[in-house]
Amino acid sequence: MQTPSLKTTPPAPWGGALFSLGFRPFYLLAAALAIGGVAVWTIELLTAAGHPGPLPGIVWHAHEMVFGFGIAVITGFLFTAGRNWTGQPTPQGRLLAALCLLWLAGRLFLLTGPAWAAALIDVSFLPAVALCLWIPLHRARNRNRFFVGLLLALAALNGLFHAAAAGTVEIPPLQPVRAGLYLIVVIVTLMGGRVIPSFTANAIRAARIRRRPWVDRAAMAATVVAFAFVLLSVPGILTAAACLAAAVLQALRLLDWDPWCTRRTPILWILHLSYAWIPLALVLHALAAAGAVVPVPLADHAVSVGAVGGMIIGMITRTARGHSGLPLAAGRLEVAAYVLVHLAAAARVFGPLAFPALTVSWLTAAGALWCAAFLAYLIRFVPVMAAPRPEA
């Protein structure tokens with residue numbers, strides 16, 4: 001009589017389910033920083049309290065939202081997607097935990113100093129991530145190896161930020177942060193073109209998706225040029241024209257994906273709505289460059305809170321569900337988080353634009369809405385991230 005074979009499963013990595021795949025710890029860390037970073041900055045704004053550490057409060061806030069929060073999400077996404085793209089292992093267990101500790105150490109030293117230690121630790125994180133991603137991508141000869149170049153470009157901008165903050169390079173420290181933000185928007189534009197129409201077509205059979213490669217390429221190129229012009233303060237009329245052209249192309253691209261068909265599917269409409277903030281932000285930049293009463297920081301917050309923040313909350317809920325064995329349908333807490341992020345973006349951008357005398361009140365409201373959104377995410381997904389997949 002033949003002995004039945006026993007099904008064996010690979011041993012769980014060190015740290016259990018939480019450190020089994022990159023999205024689990026890094027999405028939770030990003031959400032925690034989204035709450036803590038904005039809460040600290042809002043309190044300092046209201047109380048005029050001094051900011052601890054080596055950086056002025058507004059510089060710390062901007063840096064942490066881009067090179068702390070944004071980079072944590074990108075890291076979690078790429079480590080998770082990299083395994084799917086290549087079939088090769090990406091960091092887990094002790095290595096993943098060590099990378100999380102390195103990221104956390106950067107956040108801690110930027111609050112406490114000394115500045116040299118903060119710079120050394122913070123700048124070292126992205127090259128470490130790039131190396132860990134390059135190994136599986138290179139082994140598989142995967143076409144997504146260019147993401148390693150994007151990570152290294154972000155690392156260079158972060159190094160330039162610390163050099164500027166130390167006075168070694170004579171540029172405003174916020175310039176490399178803005179460049180980092182715009183590079184992340186380019187990544188959102190690239191990945192959005194890959195996933196938004198495909199997710200929509202797969203979920204809604206009646207969706208009328210149109211793919212026009214020339215629109216995709218033109219929108220990407222025009223957006224890069226527009227943000228480069230904004231960053232380099234190219235004469236107003238040229239910047240306004242570049243931003244307006246990019247806005248039109250981005251809007252055409254979004255319309256090709258049939259956003260209206262997603263109105264009853266929150267896990268999809270969050271992606272479409274978030275992407276819509278990109279052409280809107282470009283229009284605001286065009287108006288600012290043309291001399292209209294539109295402060296550039298409002299345009300930057302349209303793209304950072306509305307586009308990047310909205311896309312992040314949409315993707316980190318979808319990824320957490322998909323890779324945890326849960327249905328790809330947003331629950332009540334997730335929908336609440338979606339709505340809260342976009343209300344935060346609207347309050348941060350349109351409130352000060354319409355009622356500039358109440359700017360501090362609008363900023364406070366936006367901060368509270370943002371923190372509530374990511375608190376809802378943590379409440380929903382901490383138990384999910386800490387547990388193995390149901391079928392495991």
Side-chain angles (χ1 to χ4, degrees), residues 30 33-34 36-72 74-75 99 101-131 149-186 224 227-236 239 285 288-289 295-301 303-305 308 363 367:
L33 180 60
V38 170
V40 167
W41 170 235
T42 302
I43 291 169
E44 290 177 356
L45 185 68
L46 289 173
T47 62
H51 183 77
L55 299 173
I58 190 170
V59 174
W60 171 83
H61 164 68
H63 176 272
E64 289 301 272
M65 289 299 100
V66 173
F67 291 107
F69 167 67
I71 292 304
I74 290 171
T75 298
L99 289 168
L101 286 174
L102 181 61
W103 181 89
L104 280 168
R107 315 286 63 81
L108 176 63
F109 276 89
L110 280 166
L111 273 176
T112 63
W116 67 267
L120 180 64
I121 294 169
D122 187 47
V123 171
S124 67
F125 177 74
L126 274 168
V129 172
L131 176 61
L150 293 175
L151 289 173
L152 293 176
L154 285 166
L157 289 171
N158 195 23
L160 186 60
F161 164 82
H162 284 286
T168 307
V169 177
E170 294 184 0
I171 61 171
L174 287 178
Q175 281 296 87
V177 176
R178 294 180 71 209
L181 170 63
Y182 297 158
L183 183 53
I184 289 174
V185 175
V186 171
V224 171
F227 280 125
F229 279 18
V230 170
L231 191 66
L232 297 173
S233 300
V234 171
T239 297
H285 271 300
V296 170
L298 293 187
D300 280 347
H301 279 86
V303 80
S304 61
V305 182
V308 176
L363 267 58

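When reading the values below, keep in mind they use all heavy atoms of this one structure, side chains included, and skip hydrogens, waters and symmetry mates. When a residue number appears, it is its place in the shown sequence, counting from 1.
A heavy-atom distance below 4.5 Å is not found between the side chains of I74 and V129. The shortest side-chain heavy-atom distance between V59 and F161 falls under the 4.5 Å cut-off. The side-chain heavy atoms of D122 and L110, taken from C-beta on, include a pair separated by under 4.5 Å. The shortest distance between side-chain heavy atoms of L111 and W60 falls below 4.5 Å. Residues V230 and R178 meet the side-chain proximity criterion, which asks for heavy atoms closer than 4.5 Å. In this structure, L152 and L126 have side chains that are not in contact, with every pair of non-hydrogen atoms separated by 4.5 Å or more. T42 places none of its side-chain heavy atoms less than 4.5 Å from the side chain of L363.
Of the possible donor and acceptor atoms, one in the side chain of Q175 sits under 3.5 Å from a partner among the backbone N and O of L231. Judged by distance alone, the side chain of T239 and the main-chain N or O of G236 form no donor-acceptor pair under 3.5 Å. The main-chain N or O of G57 is never found under 3.5 Å from a side-chain atom of H61 such that the two would form a donor-acceptor pair.
Within 6.0 Å of CD1 on I58 lie no more than 12 heavy atoms contributed by other residues, nucleotides or ligands.
H285 and F227 have perpendicular rings, their planes meeting at more than 60° on a 0 to 90° scale where under 30° would count as parallel. Using the six-membered ring where Trp is involved, H63 and H162 have ring planes that are perpendicular, over 60° apart on the 30 and 60° scheme.
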